[in-house]
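Input: a single structure, listed below in structure tokens.
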Amino acid sequence: MPTEHNNYCNGEWVASESGETFAVTNPAAETEVVGQLQYSTENDAKWAVEAAADAQQAWADTPGPERGQILRKAGSIASERKAELVETLVAEEGKTHSEASGEVQRSIDILFYYAEKARDHGGSIKPASSAGAEIRAKTEPVGVAGLITPWNYPSAIPAWKLAPALATGNTAVLKPASQAPLSAKKLVECLDEAGLPDGVVNFVTGSGSTIGGVLAAHEDIDAISFTGSASTGDVVYQDAAADQKRVQLEMGGKNPTVVMPSADLDEAVDIVGVGAFGTTGQSCTATSRAIVHEAVHDEFLDRMVEYAETLDIGPGRADPDMGPHVSESELEVTQEYVDVARAEGATLETGGETLDGGVHESGHFVEPTVFSDVVSEMRIAQEEVFGPVLSVIEVGDFEEAVAVANDTDYGLSASIVSEDAEEINTFVDQVESGVVKINEKTTGLELHVPFGGMKGSSNELYREQGDAGLEFYTTTKTVYANR
Ligand code: NAP
């Protein structure tokens, strides 16, 4: 019998009032139930918000170094429990063991990083115009944060929202994605074990529109940080706008890598291959368009196809090159896009088929897929696929490459492979993207620098991670003090 996992409300692990649970299954073996999670009601979510609101002032009054000490201890506990956290992530999301291990380590590092920020964060003092006076810019928590997270980084994204929120004195209600909620629960367990006071973090699982809807609309929630699809982001924004909450939306991408004639083609193929097929293409920053100069297009395409065909695909526990899609429905969406691309006139160079039999028997496996003859107007070049599907677009010169890179509603991550300094600098200046990488894959982020998208990838009010991650969760009170 799979373990039943409760919500966490006001320091207690509690079942939903619904009495119902839902199953989380292994994407590599659909018959394996990883856990049963609470199918929570609106009331469950409201009780969690009330607990967070009741706990907020005391947590804000707790000295920053003390808050940091709890985050540090939670990081140490997560580190001791790392093998279990990695296994959970592999089992519920389907990542390869290496990918999951990297992600869990990132969550641990985030807890340690914001533990130090909690000690450091405060405000500043400036001189005033009159003698004997001073002005203090005092930093205060926003209040209660509602955190809504996606399934594709089920550990790191909850960590990079929770840690800065708590470090700065906010309390939080976390609603993880239903597809992979257990990694987030494990983080909450670590915070609980570390001695976080009751009500500071609350964790509620269940339907996105029910639980997420309560968080976005509840008057006691002061800030909503959402990561997920653009369509859900729109709904969250509308719900939260009713009482003018602070809202952070980080959403999808259609990320390009431009390959120029001066590029080392072996390096370019590796960069695009890892960016496109790593995490089964299920990263918001995954490379979905290779925009390749005509002088190197044919050779690049040949090598890219060869690269895709050598990848080993299987269950994450065996640590292959690429794991399964997270769910049957995500696999179906990828299949639909393969059909759409072919109907639009793109050439399927390799892949596009689901994998059955043997280790692939009961999982959501698909071949890494490369399309050529893609032009910017096609849906396959415009819409986020969120699977291991790469479109290769041939261009005649650098200006056209930049124009194609920018010809999308999204603007999350973009990269260029080139040895030409002028091209590189112009690309950095002209590309419409929140993350720009030079001779690097579009995926992969560092935790101490800002992260966020432009255009349809973000509402662009705040960035996450690094110091920027603290800004979203704080407000400034300006104190004019006459001594
Ligand atoms: P999603 O379907 O939009 O779901 C995201 C979260 O929103 C889940 O927790 C979901 O709950 C919840 N939700 C669903 N309907 C809601 C509603 N009406 N109100 C409030 N919350 C609601 O996204 P996903 O499929 O989990 O994640 C994949 C997407 O996330 C991709 O588009 C990807 O590019 C994007 N992403 C962006 C970033 C970034 O930093 N820019 C990072 C990672 C992923 P349920 O799971 O219960 O439905």
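In each ligand, atom 1 is the first atom listed, and ligand 1 is the first ligand listed.
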Cation-pi geometry met for Lys95 and Tyr153 (6.0 Å, 45°): yes
Between Ser376 and Asp407, a side-chain donor and acceptor under 3.5 Å: yes
Minimum side-chain heavy-atom gap Ile271-Glu440 below 4.5 Å: no
For ligand 1, the residues whose heavy atoms come within less than 4.0 Å (ordered by chain, then number): Ile148, Thr149, Pro150, Trp151, Asn152, Ile157, Lys175, Pro176, Ala177, Ser178, Gly206, Ser207, Gly208, Ser209, Gly212, Gly213, Phe226, Thr227, Gly228, Ser229, Thr232, Val235, Val236, Glu250, Met251, Gly252, Cys284, Glu384, Phe386, Leu412, Phe451
Residues in side-chain contact (heavy atoms from CB on, under 4.5 Å) contact with Ala15, at least two apart in sequence or another chain: Asn6, Gln38
Pair Ser362, Glu30: side-chain N/O donor-acceptor within cut-off below 3.5 Å: no
Pair Ser101, Ser98: side-chain N/O donor-acceptor within cut-off below 3.5 Å: no
